[in-house]
Amino acid sequence: GVRDRFFSELLTQILSEQGRYREQFIKAWAAKANHHAYAGGLLRHSVEVAEMARRLASVESRLNTDLLITGGLLHDIGKLWELRHDIWHGGEYTQQGHLHGHIHLGSRFVEN
């Protein structure tokens, strides 16, 4: 439901069936502990945030719905590099995660 060309293309490149990071995103952990700390947790959490954003935009017409949905889906994209996602070490921090954190890693990723 994202109509903006830029946001749509960004989401397609990342999450579509041909997207470079789709499989990683589907299997990723959202956290080491607390919310969504399991394989697949990142996808579930991101969809939940995007749904909340969509509902908020439906109530407040001045908000940019496409920006909110895209932001909801990608707000934690840096966790692909912040956390490990394998069966034995899922949710543990990577060296990049310790040094930079998911916000920095995610913003660098989206910039490129």
ask   = Is it the case that one hydrophobic cluster holds both Leu105 and Val49, taking links as side-chain heavy atoms less than 4.5 Å apart, direct or via other members?
value = no
remark   = The reported gap from CD1 in Ile69 to CG in Leu11 (rounded to nearest 0.5 angstrom) is 9.0 Å
For the student: nearest non-hydrogen atoms of Ala53 and Leu68, plus distance = CB-O, 3.6 Å
request  = Quick one: list whatever passes salt bridge (charged side-chain N to carboxylate O under 4.0 Å, His left out) with Glu111, sequence neighbours left out.
outcome  = none
ask   = Which atoms form the tightest heavy-atom contact between Asp86 and His89, and what is the distance?
value = OD2-N, 2.8 Å
remark   = So the ring pair (Phe, Tyr, Trp, His ring centres under 6.0 Å) pairs with at least one residue in residues 48-77 (sequence neighbours excluded) are His45-His75
task = Quick one: which residue pairs count as a side-chain hydrogen bond (donor to acceptor under 3.5 Å, both in side chains) with a foot in residues 15-30, not counting sequence neighbours?
result = none
Joint hydrophobic cluster, Val110 plus Leu43, side-chain heavy atoms closer than 4.5 Å = yes
key: Under the ring-ring contact (aromatic ring centres under 6.0 Å, His included) test, residues paired with Phe6 that sit two or more places apart   = none
ask   = Does Arg5 offer a backbone N or O that forms a donor-acceptor pair with the side chain of Ser8 under 3.5 Å?
value = no
key: Reported CG-to-CD1 distance for the pair Leu42 and Ile26, which is rounded to 0.5 angstrom   = 10.5 Å
inquiry  = Before you tell me yes or no, could you show the steps for Leu74 and Ile14 under side chain to side chain contact (heavy atoms under 4.5 Å, CB included), namely the whole-Å CA-CA distance, both residues' side-chain angles and the distance that decides it to 0.1 Å?
reply    = CA-CA 9 Å; Leu74 299 181; Ile14 297 169; 4.0 Å; yes
ask   = For the atom pair CD (Glu92) and NE2 (His85), what is the distance rounded to the nearest 0.5 Å?
value = 11.5 Å
ask   = Any donor and acceptor pair, going by atom type alone, linking the side chain of Thr94 with main-chain N or O of Glu82 inside 3.5 Å?
value = yes
note = Output for pair (Phe109 CZ, Leu80 CG), nearest 0.5 Å, gives 7.5 Å
task = Using atom types as modelled and distance alone, determine if a side-chain donor or acceptor of His104 lies under 3.5 Å from a backbone N or O of His102.
result = no
task = Any salt bridge (Lys or Arg N to Asp or Glu O under 4.0 Å) involving residues 31-48? Give me the pairs, sequence neighbours left out, ordered by first then second residue.
result = Arg44-Glu48
query = Got a second to check how far Leu15's CG is from Ser46's OG, nearest 0.5 Å?
reply = 8.5 Å
request  = State plainly whether one hydrophobic cluster holds both Ile77 and Val47, where clusters connect Ile, Leu, Val, Met, Phe, Trp and Tyr through side-chain heavy atoms under 4.5 angstrom apart.
outcome  = yes
ask   = In Å, rounded to the nearest 0.5 Å, how long is the span from CD1 of Ile103 to CG of Asp76?
value = 8.0 Å
task = Flag yes if more than 12 heavy atoms outside Asn34 fall under 6.0 Å of its CG atom; otherwise flag no.
result = no
request  = Give every residue pair that meets the side-chain hydrogen bond (donor to acceptor under 3.5 Å, both in side chains) criterion with at least one member in residues 62-73, sequence neighbours excluded.
outcome  = Glu60-Arg62
